[in-house]
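Written out below as structure tokens is the structure these notes cover.
We number each residue from 1, following the sequence as shown.
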Amino acid sequence: EVQLVESGGGLVQAGGSLRLSCAASGFTFDDYAIGWFRQAPGKEREGVSCISSSDITTIYYADSVKGRFTISNDHAKNTVYLQMNSLKPEDTAVYYCAADLNGCRGSYPPEYVADYWGQGTQVTVSS
């Protein structure tokens with residue numbers, strides 16, 4: 001059974017940090033890019049970051065998080081992390097991880113479809 005399980009969300013004050021984890025199982029982790037997405041109430045889904053290490057490491061960041069968020073992976077644990085620093089109230093959203101056999105994209109339109117999705121974890125940043 002394919003599973004992507006997010007954890008690490010919570011409530012944090014503006015300027016604070018959180019680290020999200022995405023634990024993958026049921027598929028060949030090394031073959032897939034893992035991305036982070038978020039969706040706030042009333043807003044379209046946004047691609048936040050992606051990492052792919054199948055042959056060469058490819059990393060994507062949305063402009064809105066560049067310089068504040070860092071994505072990394074641990075192949076031994078089949079886990080991808082999203083370190084989020086200098087959090088802002090506008091970062092408040094449900095964060096999802098997703099797996100894509102076709103690698104990281106240059107952009108992520110709202111209609112983007114991944115192969116597998118997690119259930120999401122809530123991140124709330126208070127002002």
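For the side chain to side chain contact (heavy atoms under 4.5 Å, CB included) test with Y81, the passing option among D74, T70, N73, L20 is D74; the others fail. Test I59, L82, T58 against I51 for side chain to side chain contact (heavy atoms under 4.5 Å, CB included) and you get one pass: I59.
Between L4 atom CG and C97 atom SG the span is 4.5 Å, to the nearest 0.5 Å. The line from CG of N78 to OG of S25 is 8.0 Å long, rounded to the nearest 0.5 Å. The structure places NZ of K66 at 10.5 Å from OG of S49, a figure rounded to the nearest 0.5 Å. D115 CG to D31 CG: the interatomic distance, rounded to the nearest 0.5 Å, is 11.0 Å. In this structure, C22 SG and Y95 OH are separated by 14.5 Å, a value rounded to the nearest 0.5 Å. Note: L87 CG to S126 OG = 10.0 Å, rounded to the nearest 0.5 Å.
Under the 4.5 Å side-chain criterion, counting only non-hydrogen atoms from C-beta, L101 is in contact with Y32. Between Y112 and D100, some side-chain heavy-atom pair lies under the 4.5 Å cut-off.
For E90, the CD atom is densely surrounded, since the number of other residues' heavy atoms within 6.0 Å is greater than 12. Counted within 6.0 Å of CD on E44, heavy atoms from surrounding residues, nucleotides or ligands total 12 or fewer; the atom is thus considered open.
Closest approach of C50 to A33, counting heavy atoms only: SG-CB, 3.8 Å. Scanning all heavy atoms of the two residues, the minimum distance from I71 to W36 falls at CD1-CD1, 3.8 Å. Heavy atoms only, all atoms of each residue included: G118 and Y96 are closest at O-CD2, 3.6 Å. Contact record, A62 with E46: CB-OE2, 4.0 Å, taken as the closest heavy-atom pair. Listed here is the closest heavy atom pair of A24 and F27: CB-CZ, 3.6 Å. Nearest heavy atom pair, residue V125 against residue T92, reads N-OG1, 2.8 Å.
Linking Ile, Leu, Val, Met, Phe, Trp and Tyr residues whenever their side-chain heavy atoms come within less than 4.5 Å leaves Y61 and Y108 in two separate clusters. Hydrophobic clustering places V65 together with V12 (ILVMFWY residues linked when any side-chain heavy atoms are closer than 4.5 Å, directly or through intermediates). A single hydrophobic cluster is not seen to contain both V123 and V94; linkage of ILVMFWY side chains at heavy-atom distances under 4.5 Å, directly or through other members, places them apart.
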Notebook entry, point to check: Step by step, would you call Y60 with R105 a side chain to side chain contact (heavy atoms under 4.5 Å, CB included)?
Noted result: CA-CA 7 Å; Y60 163 88; R105 312 295 177 92; over 6 Å; no
Item checked: Verdict with reasoning, V2 to W117, per side chain to side chain contact (heavy atoms under 4.5 Å, CB included) -> CA-CA 9 Å; V2 171; W117 290 91; over 6 Å; no
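Side-chain N or O atoms of R19 include none that pairs as donor or acceptor with a backbone N or O of Q83 at under 3.5 Å. Proximity of a side-chain donor or acceptor of E6 to a complementary backbone N or O of G120 within less than 3.5 Å is detected.
Taking a cutoff of 4.0 Å between a charged side-chain nitrogen and a carboxylate oxygen, K88 and D91 do not qualify as a salt bridge.
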